[in-house]
Asker: 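Take this structure first; my questions come after.
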Amino acid sequence: MANYLNKILNTKQTPQNQPILGTNQVANSAGGYSFPLDQWKRLHRFLVLGSEGGTYYITEKALTVQNANNVMACIQEDGVRVVREIVTISKAGRAPKNDPAIFALALVAAKGNLAARRAALAALPDVCRTGTHLFQFAETIQNLRGWGRGLRNGMANWYQTRDARGLAYQAVKYRQRNGWTHTDTLRLAHPKPVTEAHGAIYKWVTHRDDSAWAQDIAAPNDEALAFIWAFERAQQAQDTATVIRLIEAYDLPREALPTQWLNEAAVWEALLVKMPLTAMIRNLGVMAKVGLLTAMSDAEDTVLKRLGDAELLRKARIHPIAVLSALRVYGQGHGLRGDGQWTPTARIMDALDNAFYKAFQNVEPTNQRVMLALDVSGSMGGGMIAGVPGLTPRDGSAAMALVTAKTEARYSMISFQNQLVPLNISANMRLDDVVKAIQGLPFGATDCAQPMLYALEHKLKVDLFVVYTDSETWANPQLHPVQALVQYREQTGIAAKLVVVGMTSNGFSIADPNDAGMLDVVGFDSAAPQVISDFARGVV
Ligand code: CA
(Lines give C-alpha, C1' and ligand atoms only; values in the text may rest on other atoms or scores of the structure.)
Protein backbone atom coordinates (compact mmCIF):
# COMPACT_ATOMS: atom_id res chain seq x y z
CA MET A 1 0.00 0.00 0.00
CA ALA A 2 1.14 3.48 -0.66
CA ASN A 3 2.89 5.10 2.24
CA TYR A 4 0.34 7.85 2.62
CA LEU A 5 -2.36 5.25 3.22
CA ASN A 6 -0.31 3.36 5.80
CA LYS A 7 0.25 6.52 7.69
CA ILE A 8 -3.45 7.21 7.94
CA LEU A 9 -4.56 3.64 8.63
CA ASN A 10 -2.10 2.95 11.43
CA THR A 11 -4.11 2.30 14.62
CA LYS A 12 -1.01 1.55 16.68
CA GLN A 13 0.49 4.98 16.27
CA THR A 14 -1.65 8.07 15.82
CA PRO A 15 -0.56 11.64 16.50
CA GLN A 16 -2.52 13.07 19.42
CA ASN A 17 -3.87 15.85 17.23
CA GLN A 18 -5.79 13.23 15.22
CA PRO A 19 -8.39 10.71 16.42
CA ILE A 20 -7.41 7.03 16.46
CA LEU A 21 -9.09 5.45 13.46
CA GLY A 22 -12.16 3.39 14.31
CA THR A 23 -12.72 5.01 17.70
CA ASN A 24 -15.24 7.67 18.69
CA GLN A 25 -12.57 10.05 19.94
CA VAL A 26 -13.47 13.72 19.98
CA ALA A 27 -11.47 16.94 19.90
CA ASN A 28 -10.58 17.99 23.43
CA SER A 29 -10.11 21.59 24.54
CA ALA A 30 -6.37 21.58 23.88
CA GLY A 31 -6.34 20.68 20.19
CA GLY A 32 -5.79 16.98 20.84
CA TYR A 33 -8.17 14.02 20.73
CA SER A 34 -9.53 12.15 23.73
CA PHE A 35 -12.34 9.68 24.36
CA PRO A 36 -15.69 11.26 25.20
CA LEU A 37 -16.71 10.41 28.73
CA ASP A 38 -19.87 8.32 29.10
CA GLN A 39 -22.69 10.61 30.30
CA TRP A 40 -23.15 8.75 33.60
CA LYS A 41 -19.47 9.00 34.33
CA ARG A 42 -19.62 12.70 33.57
CA LEU A 43 -22.56 13.01 35.96
CA HIS A 44 -20.35 11.42 38.59
CA ARG A 45 -17.55 13.91 37.88
CA PHE A 46 -20.01 16.79 38.18
CA LEU A 47 -21.52 15.52 41.42
CA VAL A 48 -18.07 15.28 42.99
CA LEU A 49 -16.15 18.15 41.43
CA GLY A 50 -18.87 20.61 40.44
CA SER A 51 -18.02 23.28 37.90
CA GLU A 52 -17.06 26.22 40.14
CA GLY A 53 -14.10 28.11 38.75
CA GLY A 54 -14.20 26.28 35.41
CA THR A 55 -11.01 24.77 34.04
CA TYR A 56 -7.91 26.18 32.39
CA TYR A 57 -9.70 25.86 29.02
CA ILE A 58 -13.40 26.07 29.89
CA THR A 59 -15.04 29.02 31.64
CA GLU A 60 -17.14 28.41 34.73
CA LYS A 61 -20.27 29.32 32.80
CA ALA A 62 -19.54 27.04 29.85
CA LEU A 63 -18.55 24.16 32.12
CA THR A 64 -21.75 24.60 34.14
CA VAL A 65 -23.92 24.66 31.00
CA GLN A 66 -22.18 21.55 29.64
CA ASN A 67 -22.75 19.72 32.90
CA ALA A 68 -26.36 20.87 33.26
CA ASN A 69 -27.04 19.60 29.73
CA ASN A 70 -25.37 16.34 30.64
CA VAL A 71 -27.54 15.99 33.76
CA MET A 72 -30.58 16.63 31.52
CA ALA A 73 -29.43 13.90 29.11
CA CYS A 74 -29.10 11.48 32.02
CA ILE A 75 -32.57 12.47 33.29
CA GLN A 76 -34.02 11.75 29.86
CA GLU A 77 -32.45 8.32 29.86
CA ASP A 78 -33.30 7.38 33.45
CA GLY A 79 -34.27 10.05 35.96
CA VAL A 80 -34.73 7.61 38.83
CA ARG A 81 -31.15 6.43 38.30
CA VAL A 82 -29.97 10.04 38.46
CA VAL A 83 -31.62 10.38 41.87
CA ARG A 84 -29.93 7.14 42.97
CA GLU A 85 -26.52 8.45 41.89
CA ILE A 86 -27.13 11.77 43.66
CA VAL A 87 -28.15 10.09 46.91
CA THR A 88 -25.19 7.67 46.78
CA ILE A 89 -22.66 10.49 46.48
CA SER A 90 -24.39 12.99 48.75
CA LYS A 91 -25.46 10.77 51.62
CA ALA A 92 -22.02 9.21 52.05
CA GLY A 93 -20.36 12.62 51.91
CA ARG A 94 -18.18 11.53 48.98
CA ALA A 95 -18.12 15.00 47.37
CA PRO A 96 -16.31 18.07 48.73
CA LYS A 97 -19.47 20.14 48.31
CA ASN A 98 -23.16 19.26 48.29
CA ASP A 99 -24.11 22.03 45.82
CA PRO A 100 -23.92 19.95 42.61
CA ALA A 101 -26.06 17.22 44.22
CA ILE A 102 -28.71 19.77 45.25
CA PHE A 103 -28.64 21.36 41.80
CA ALA A 104 -29.01 18.00 40.05
CA LEU A 105 -31.80 16.95 42.41
CA ALA A 106 -33.71 20.15 41.62
CA LEU A 107 -33.25 19.43 37.90
CA VAL A 108 -34.77 15.97 38.30
CA ALA A 109 -37.60 17.34 40.47
CA ALA A 110 -38.33 19.86 37.73
CA LYS A 111 -37.63 18.01 34.50
CA GLY A 112 -37.94 14.29 35.22
CA ASN A 113 -40.93 12.11 34.42
CA LEU A 114 -43.46 11.46 37.19
CA ALA A 115 -41.54 8.57 38.74
CA ALA A 116 -38.29 10.55 38.67
CA ARG A 117 -39.88 13.66 40.15
CA ARG A 118 -41.37 11.60 42.95
CA ALA A 119 -38.04 9.91 43.64
CA ALA A 120 -36.32 13.31 43.72
CA LEU A 121 -38.75 14.76 46.24
CA ALA A 122 -38.61 11.62 48.37
CA ALA A 123 -34.82 12.02 48.46
CA LEU A 124 -35.05 15.65 49.56
CA PRO A 125 -34.36 15.02 53.29
CA ASP A 126 -31.40 12.73 52.40
CA VAL A 127 -29.74 15.26 50.10
CA CYS A 128 -30.87 18.56 51.65
CA ARG A 129 -29.80 17.84 55.20
CA THR A 130 -29.63 21.42 56.47
CA GLY A 131 -31.74 24.52 56.15
CA THR A 132 -29.12 26.01 53.86
CA HIS A 133 -29.42 23.01 51.53
CA LEU A 134 -33.19 23.45 51.47
CA PHE A 135 -32.86 27.14 50.56
CA GLN A 136 -30.45 26.24 47.75
CA PHE A 137 -32.90 23.66 46.44
CA ALA A 138 -35.78 26.15 46.55
CA GLU A 139 -33.73 28.83 44.83
CA THR A 140 -32.73 26.48 42.00
CA ILE A 141 -36.12 24.93 41.44
CA GLN A 142 -38.08 28.19 41.39
CA ASN A 143 -36.33 29.00 38.10
CA LEU A 144 -37.26 25.64 36.60
CA ARG A 145 -40.91 24.94 37.40
CA GLY A 146 -43.97 26.12 39.27
CA TRP A 147 -44.83 25.41 42.88
CA GLY A 148 -47.17 22.48 42.30
CA ARG A 149 -48.65 20.37 45.04
CA GLY A 150 -46.06 17.59 44.77
CA LEU A 151 -43.22 20.03 45.27
CA ARG A 152 -44.95 21.76 48.18
CA ASN A 153 -45.61 18.40 49.84
CA GLY A 154 -42.03 17.34 49.33
CA MET A 155 -40.79 20.48 51.02
CA ALA A 156 -43.38 20.16 53.79
CA ASN A 157 -42.01 16.71 54.42
CA TRP A 158 -38.61 18.21 55.12
CA TYR A 159 -40.13 19.99 58.11
CA GLN A 160 -42.56 17.30 59.22
CA THR A 161 -40.10 14.43 59.33
CA ARG A 162 -37.76 16.20 61.76
CA ASP A 163 -38.30 16.02 65.49
CA ALA A 164 -39.06 19.37 67.12
CA ARG A 165 -35.60 19.75 68.68
CA GLY A 166 -33.94 19.06 65.32
CA LEU A 167 -36.25 21.54 63.64
CA ALA A 168 -35.51 24.22 66.25
CA TYR A 169 -31.79 23.68 65.64
CA GLN A 170 -32.26 24.09 61.87
CA ALA A 171 -34.39 27.20 62.36
CA VAL A 172 -31.79 28.84 64.59
CA LYS A 173 -28.56 27.71 62.94
CA TYR A 174 -29.49 28.14 59.27
CA ARG A 175 -31.56 31.29 59.26
CA GLN A 176 -30.93 32.59 55.75
CA ARG A 177 -28.99 32.10 52.54
CA ASN A 178 -29.01 34.27 49.42
CA GLY A 179 -32.07 36.08 50.72
CA TRP A 180 -33.96 32.83 51.39
CA THR A 181 -35.29 32.23 54.91
CA HIS A 182 -37.48 29.61 56.54
CA THR A 183 -40.28 32.16 56.34
CA ASP A 184 -40.16 31.80 52.53
CA THR A 185 -39.96 28.03 52.48
CA LEU A 186 -42.63 27.61 55.18
CA ARG A 187 -45.04 29.84 53.27
CA LEU A 188 -44.48 27.76 50.14
CA ALA A 189 -44.56 24.36 51.82
CA HIS A 190 -47.28 24.81 54.46
CA PRO A 191 -46.09 21.87 56.57
CA LYS A 192 -48.42 20.37 59.13
CA PRO A 193 -47.65 21.15 62.77
CA VAL A 194 -47.11 17.48 63.58
CA THR A 195 -46.55 18.41 67.24
CA GLU A 196 -47.48 21.47 69.24
CA ALA A 197 -43.81 22.40 69.35
CA HIS A 198 -43.61 22.24 65.53
CA GLY A 199 -46.49 24.69 65.34
CA ALA A 200 -44.80 27.02 67.80
CA ILE A 201 -41.54 26.91 65.85
CA TYR A 202 -43.31 27.68 62.55
CA LYS A 203 -44.98 30.59 64.26
CA TRP A 204 -41.71 31.82 65.71
CA VAL A 205 -40.12 31.73 62.24
CA THR A 206 -42.94 33.44 60.37
CA HIS A 207 -44.05 35.92 63.06
CA ARG A 208 -40.94 36.41 65.10
CA ASP A 209 -41.33 40.12 65.82
CA ASP A 210 -44.80 40.05 67.30
CA SER A 211 -44.44 36.81 69.21
CA ALA A 212 -43.88 36.52 72.94
CA TRP A 213 -40.45 34.98 72.45
CA ALA A 214 -38.49 38.16 72.74
CA GLN A 215 -39.95 39.05 76.10
CA ASP A 216 -38.34 38.21 79.37
CA ILE A 217 -40.08 34.92 80.17
CA ALA A 218 -38.81 31.77 81.86
CA ALA A 219 -37.47 28.92 79.73
CA PRO A 220 -40.23 26.67 78.36
CA ASN A 221 -40.30 23.06 79.53
CA ASP A 222 -40.27 21.76 75.99
CA GLU A 223 -36.68 21.06 74.91
CA ALA A 224 -37.17 22.41 71.39
CA LEU A 225 -38.83 25.61 72.49
CA ALA A 226 -36.28 26.10 75.26
CA PHE A 227 -33.59 26.04 72.56
CA ILE A 228 -35.30 28.87 70.73
CA TRP A 229 -35.82 30.70 74.00
CA ALA A 230 -32.06 30.40 74.67
CA PHE A 231 -31.34 31.81 71.22
CA GLU A 232 -33.53 34.84 71.95
CA ARG A 233 -31.88 35.30 75.36
CA ALA A 234 -28.46 35.22 73.71
CA GLN A 235 -29.50 38.04 71.38
CA GLN A 236 -30.14 40.23 74.40
CA ALA A 237 -27.29 39.06 76.64
CA GLN A 238 -25.18 41.85 78.10
CA ASP A 239 -22.28 39.87 79.54
CA THR A 240 -20.02 36.96 78.67
CA ALA A 241 -21.08 34.87 81.67
CA THR A 242 -24.71 34.82 80.48
CA VAL A 243 -23.70 33.84 76.96
CA ILE A 244 -21.55 31.00 78.26
CA ARG A 245 -24.30 29.78 80.59
CA LEU A 246 -26.74 29.65 77.63
CA ILE A 247 -24.25 27.76 75.47
CA GLU A 248 -23.58 25.25 78.25
CA ALA A 249 -27.22 24.74 79.22
CA TYR A 250 -28.79 24.66 75.76
CA ASP A 251 -25.98 23.64 73.38
CA LEU A 252 -26.27 26.81 71.33
CA PRO A 253 -24.10 26.73 68.24
CA ARG A 254 -21.85 29.60 67.10
CA GLU A 255 -24.50 30.77 64.60
CA ALA A 256 -26.89 31.49 67.47
CA LEU A 257 -24.63 34.17 68.95
CA PRO A 258 -24.31 37.84 68.04
CA THR A 259 -20.86 38.30 66.49
CA GLN A 260 -19.68 40.59 69.31
CA TRP A 261 -19.16 37.48 71.51
CA LEU A 262 -17.07 35.67 68.96
CA ASN A 263 -13.86 37.45 69.87
CA GLU A 264 -13.70 35.87 73.30
CA ALA A 265 -11.70 32.75 74.11
CA ALA A 266 -14.08 31.74 76.93
CA VAL A 267 -17.06 31.77 74.54
CA TRP A 268 -15.21 29.57 72.05
CA GLU A 269 -14.15 27.28 74.87
CA ALA A 270 -17.80 26.74 75.77
CA LEU A 271 -18.74 26.28 72.10
CA LEU A 272 -15.96 23.74 71.53
CA VAL A 273 -17.51 21.25 73.98
CA LYS A 274 -20.37 20.36 71.59
CA MET A 275 -19.03 21.89 68.39
CA PRO A 276 -19.82 19.85 65.27
CA LEU A 277 -16.65 18.55 63.65
CA THR A 278 -17.18 20.50 60.42
CA ALA A 279 -17.37 23.75 62.38
CA MET A 280 -14.35 22.81 64.45
CA ILE A 281 -12.20 22.15 61.39
CA ARG A 282 -13.36 25.37 59.76
CA ASN A 283 -12.72 27.50 62.86
CA LEU A 284 -9.26 26.31 63.91
CA GLY A 285 -7.76 29.64 62.89
CA VAL A 286 -10.40 31.67 64.71
CA MET A 287 -9.98 29.66 67.89
CA ALA A 288 -6.21 30.17 67.61
CA LYS A 289 -6.64 33.87 66.93
CA VAL A 290 -8.76 34.51 70.03
CA GLY A 291 -6.14 32.74 72.13
CA LEU A 292 -8.00 29.49 72.91
CA LEU A 293 -6.21 27.07 70.63
CA THR A 294 -2.59 27.56 71.66
CA ALA A 295 0.29 25.11 71.89
CA MET A 296 -0.18 22.56 74.71
CA SER A 297 -3.61 23.95 75.66
CA ASP A 298 -6.54 21.75 76.71
CA ALA A 299 -8.34 22.94 73.59
CA GLU A 300 -5.47 21.62 71.48
CA ASP A 301 -5.85 18.21 73.17
CA THR A 302 -9.58 18.23 72.44
CA VAL A 303 -9.02 19.09 68.79
CA LEU A 304 -6.32 16.42 68.40
CA LYS A 305 -8.53 13.76 69.94
CA ARG A 306 -11.40 14.51 67.60
CA LEU A 307 -9.25 14.79 64.48
CA GLY A 308 -7.76 11.39 65.28
CA ASP A 309 -11.14 9.67 65.54
CA ALA A 310 -11.87 8.03 62.17
CA GLU A 311 -15.38 7.05 63.24
CA LEU A 312 -16.18 10.62 64.22
CA LEU A 313 -14.81 11.92 60.89
CA ARG A 314 -16.96 9.45 59.00
CA LYS A 315 -20.13 10.21 60.95
CA ALA A 316 -19.66 13.95 60.43
CA ARG A 317 -19.08 13.36 56.69
CA ILE A 318 -15.77 15.20 56.86
CA HIS A 319 -14.45 15.32 53.31
CA PRO A 320 -10.68 15.13 52.69
CA ILE A 321 -10.88 18.45 50.84
CA ALA A 322 -12.26 20.15 53.96
CA VAL A 323 -9.26 18.85 55.89
CA LEU A 324 -6.82 19.84 53.14
CA SER A 325 -8.40 23.27 53.02
CA ALA A 326 -8.04 23.66 56.80
CA LEU A 327 -4.42 22.53 56.57
CA ARG A 328 -3.75 25.33 54.13
CA VAL A 329 -5.74 28.11 55.82
CA TYR A 330 -4.81 27.26 59.41
CA GLY A 331 -1.23 26.54 58.32
CA GLN A 332 -0.72 29.98 56.78
CA GLY A 333 -1.35 31.63 60.15
CA HIS A 334 -3.78 34.29 59.00
CA GLY A 335 -7.34 34.50 57.71
CA LEU A 336 -8.25 34.54 54.02
CA ARG A 337 -9.28 38.17 54.25
CA GLY A 338 -6.18 38.94 56.27
CA ASP A 339 -8.19 39.48 59.46
CA GLY A 340 -6.14 38.38 62.45
CA GLN A 341 -3.07 36.26 62.85
CA TRP A 342 -2.10 33.16 64.82
CA THR A 343 0.72 30.68 65.15
CA PRO A 344 -0.16 27.23 63.81
CA THR A 345 0.94 24.45 66.16
CA ALA A 346 2.91 21.49 64.87
CA ARG A 347 0.63 19.03 66.64
CA ILE A 348 -2.49 20.36 64.91
CA MET A 349 -0.76 20.45 61.53
CA ASP A 350 0.24 16.80 61.94
CA ALA A 351 -3.23 15.86 63.18
CA LEU A 352 -4.83 17.50 60.12
CA ASP A 353 -2.37 15.69 57.90
CA ASN A 354 -3.40 12.36 59.43
CA ALA A 355 -7.09 13.24 59.34
CA PHE A 356 -6.85 13.82 55.59
CA TYR A 357 -6.11 10.12 55.02
CA LYS A 358 -8.66 8.98 57.58
CA ALA A 359 -11.36 10.96 55.75
CA PHE A 360 -11.12 8.67 52.72
CA GLN A 361 -13.01 5.41 52.76
CA ASN A 362 -10.84 2.49 53.87
CA VAL A 363 -8.36 1.47 51.20
CA GLU A 364 -7.07 -2.07 50.67
CA PRO A 365 -3.50 -2.30 49.40
CA THR A 366 -3.27 -3.97 45.97
CA ASN A 367 0.23 -5.30 46.65
CA GLN A 368 0.93 -4.65 42.99
CA ARG A 369 3.52 -2.49 41.27
CA VAL A 370 1.80 0.86 41.02
CA MET A 371 2.97 3.90 39.08
CA LEU A 372 1.30 7.13 40.21
CA ALA A 373 1.69 9.68 37.45
CA LEU A 374 0.80 13.33 37.99
CA ASP A 375 -0.04 15.51 35.01
CA VAL A 376 1.67 18.77 36.02
CA SER A 377 1.17 20.53 32.70
CA GLY A 378 -0.03 24.12 32.45
CA SER A 379 -3.74 23.33 32.27
CA MET A 380 -3.61 21.46 35.60
CA GLY A 381 -2.61 24.73 37.23
CA GLY A 382 -5.84 26.46 36.10
CA GLY A 383 -9.26 26.38 37.73
CA MET A 384 -9.86 25.08 41.23
CA ILE A 385 -10.89 21.92 42.97
CA ALA A 386 -14.43 22.17 44.35
CA GLY A 387 -14.23 25.96 44.45
CA VAL A 388 -11.42 26.02 47.03
CA PRO A 389 -9.42 29.19 46.32
CA GLY A 390 -5.84 28.40 45.37
CA LEU A 391 -6.36 24.63 45.20
CA THR A 392 -5.73 23.71 41.57
CA PRO A 393 -6.24 20.31 39.94
CA ARG A 394 -2.45 20.00 39.99
CA ASP A 395 -2.25 20.47 43.77
CA GLY A 396 -5.21 18.17 44.25
CA SER A 397 -3.70 15.43 42.13
CA ALA A 398 -0.64 15.29 44.40
CA ALA A 399 -2.83 14.97 47.47
CA MET A 400 -4.89 12.20 45.83
CA ALA A 401 -1.79 10.30 44.70
CA LEU A 402 -0.43 10.41 48.22
CA VAL A 403 -3.43 8.44 49.50
CA THR A 404 -2.57 5.50 47.25
CA ALA A 405 1.17 5.96 47.86
CA LYS A 406 0.59 5.64 51.62
CA THR A 407 -1.33 2.42 51.07
CA GLU A 408 0.95 0.64 48.63
CA ALA A 409 4.29 -1.02 49.39
CA ARG A 410 5.60 -0.92 45.80
CA TYR A 411 4.83 2.41 44.25
CA SER A 412 6.58 5.05 42.21
CA MET A 413 5.40 8.63 41.93
CA ILE A 414 6.33 10.59 38.82
CA SER A 415 5.20 13.83 37.27
CA PHE A 416 5.06 14.68 33.59
CA GLN A 417 4.25 17.31 30.99
CA ASN A 418 5.42 16.36 27.49
CA GLN A 419 8.45 14.90 29.22
CA LEU A 420 9.19 13.73 32.73
CA VAL A 421 9.47 16.51 35.30
CA PRO A 422 11.70 15.79 38.30
CA LEU A 423 9.69 15.92 41.52
CA ASN A 424 11.00 14.89 44.91
CA ILE A 425 8.01 13.85 46.94
CA SER A 426 7.30 10.75 48.99
CA ALA A 427 4.47 9.24 50.98
CA ASN A 428 6.20 10.26 54.20
CA MET A 429 5.98 13.98 53.51
CA ARG A 430 3.31 16.16 55.03
CA LEU A 431 0.61 17.13 52.60
CA ASP A 432 1.20 20.88 52.71
CA ASP A 433 4.87 20.29 51.85
CA VAL A 434 3.91 18.09 48.90
CA VAL A 435 1.52 20.72 47.58
CA LYS A 436 4.25 23.36 47.95
CA ALA A 437 6.65 21.17 45.97
CA ILE A 438 4.08 20.78 43.19
CA GLN A 439 3.36 24.49 43.11
CA GLY A 440 7.04 25.20 42.54
CA LEU A 441 7.13 23.28 39.24
CA PRO A 442 7.18 25.08 35.88
CA PHE A 443 4.29 24.73 33.45
CA GLY A 444 4.47 23.00 30.08
CA ALA A 445 2.76 21.06 27.27
CA THR A 446 0.77 17.86 27.82
CA ASP A 447 1.43 14.30 26.71
CA CYS A 448 -0.40 11.72 28.79
CA ALA A 449 1.50 8.87 27.06
CA GLN A 450 4.59 9.83 29.07
CA PRO A 451 4.07 7.50 32.07
CA MET A 452 3.87 4.40 29.85
CA LEU A 453 6.74 5.53 27.62
CA TYR A 454 8.86 6.27 30.67
CA ALA A 455 8.17 2.81 32.11
CA LEU A 456 9.10 1.22 28.76
CA GLU A 457 12.28 3.21 28.39
CA HIS A 458 13.46 2.39 31.91
CA LYS A 459 12.22 -1.22 31.81
CA LEU A 460 10.03 -0.67 34.89
CA LYS A 461 7.59 -3.44 35.70
CA VAL A 462 4.20 -1.85 36.30
CA ASP A 463 0.89 -3.60 36.95
CA LEU A 464 -1.13 -0.44 37.37
CA PHE A 465 -0.70 3.02 35.94
CA VAL A 466 -2.71 5.66 37.77
CA VAL A 467 -2.76 8.94 35.86
CA TYR A 468 -4.09 12.09 37.55
CA THR A 469 -5.10 14.39 34.72
CA ASP A 470 -7.70 16.52 32.93
CA SER A 471 -7.17 14.33 29.83
CA GLU A 472 -6.44 17.42 27.70
CA THR A 473 -3.56 15.64 25.96
CA TRP A 474 -2.20 16.89 22.64
CA ALA A 475 1.55 17.18 22.52
CA ASN A 476 2.73 13.80 21.24
CA PRO A 477 3.10 13.68 17.43
CA GLN A 478 3.62 9.89 17.46
CA LEU A 479 1.04 8.21 19.61
CA HIS A 480 -1.89 8.37 22.04
CA PRO A 481 -1.74 7.29 25.71
CA VAL A 482 -3.80 4.14 25.02
CA GLN A 483 -1.44 3.20 22.19
CA ALA A 484 1.51 3.64 24.55
CA LEU A 485 -0.24 1.34 27.03
CA VAL A 486 -0.85 -1.30 24.33
CA GLN A 487 2.84 -1.07 23.41
CA TYR A 488 3.77 -1.46 27.04
CA ARG A 489 1.60 -4.57 27.39
CA GLU A 490 3.01 -6.12 24.20
CA GLN A 491 6.64 -5.44 24.97
CA THR A 492 6.60 -6.45 28.65
CA GLY A 493 3.98 -9.20 28.63
CA ILE A 494 2.39 -7.54 31.65
CA ALA A 495 -1.37 -7.01 31.35
CA ALA A 496 -0.95 -3.55 32.82
CA LYS A 497 -4.10 -1.63 33.74
CA LEU A 498 -4.71 2.10 33.53
CA VAL A 499 -6.81 4.20 35.89
CA VAL A 500 -7.56 7.77 34.89
CA VAL A 501 -8.28 10.00 37.88
CA GLY A 502 -10.31 12.84 36.39
CA MET A 503 -9.43 16.10 38.12
CA THR A 504 -11.96 18.39 36.35
CA SER A 505 -15.61 17.97 35.34
CA ASN A 506 -14.90 18.15 31.61
CA GLY A 507 -16.16 15.43 29.27
CA PHE A 508 -12.87 13.82 28.23
CA SER A 509 -10.83 10.80 29.17
CA ILE A 510 -7.61 9.23 27.92
CA ALA A 511 -9.03 5.82 28.94
CA ASP A 512 -10.55 3.67 26.19
CA PRO A 513 -14.05 2.75 27.42
CA ASN A 514 -13.90 -0.45 25.33
CA ASP A 515 -10.78 -1.73 27.09
CA ALA A 516 -11.68 -3.61 30.28
CA GLY A 517 -8.21 -2.88 31.60
CA MET A 518 -8.90 0.83 31.82
CA LEU A 519 -11.08 2.70 34.28
CA ASP A 520 -12.22 6.25 34.96
CA VAL A 521 -12.55 7.45 38.52
CA VAL A 522 -13.20 10.91 39.85
CA GLY A 523 -10.56 12.88 41.69
CA PHE A 524 -11.58 13.71 45.25
CA ASP A 525 -14.41 11.26 45.34
CA SER A 526 -13.50 10.06 48.84
CA ALA A 527 -14.25 6.52 47.62
CA ALA A 528 -11.86 6.81 44.63
CA PRO A 529 -8.74 5.24 46.23
CA GLN A 530 -10.80 2.20 47.21
CA VAL A 531 -12.34 1.95 43.73
CA ILE A 532 -8.84 2.05 42.23
CA SER A 533 -7.73 -0.71 44.56
CA ASP A 534 -10.80 -2.87 43.78
CA PHE A 535 -10.21 -2.45 40.07
CA ALA A 536 -6.52 -3.36 40.32
CA ARG A 537 -7.32 -6.46 42.37
CA GLY A 538 -10.08 -7.48 39.97
CA VAL A 539 -12.79 -7.13 42.63
CA VAL A 540 -14.92 -5.06 40.26
CA1 CA B 1 -2.51 20.15 30.05
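Since the model is a prediction, treat every value here as computed from it, not as a measurement. Counting starts at 1 for both ligands and their atoms, following the listed order.
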Asker: Donor-acceptor pair, N283 side chain versus V286 backbone, under 3.5 Å?
Answerer: no
Asker: Is any protein N, O or S atom closer than 3.0 Å to the Ca ion (ligand 1), and if so, which?
Answerer: S377 OG, S379 OG, T446 OG1
Asker: For the backbone of A310 and the side chain of K358, can you confirm whether one donor and one acceptor N or O come within less than 3.5 Å of each other?
Answerer: no
Asker: Measuring from atom CE of M400 to atom CD1 of I321, what distance do you get when rounded to the nearest 0.5 angstrom?
Answerer: 9.0 Å
Asker: To check you understand the geometry: which heavy-atom pair defines the closest contact between P320 and F356, and what is its length?
Answerer: O-CD1, 3.4 Å
Asker: Identify, with sequence neighbours excluded, every residue that meets salt bridge (Lys or Arg N to Asp or Glu O under 4.0 Å) alongside E311.
Answerer: R314
Asker: May I ask you to check whether F137 and H133 place their ring centers less than 6.0 Å from one another?
Answerer: no
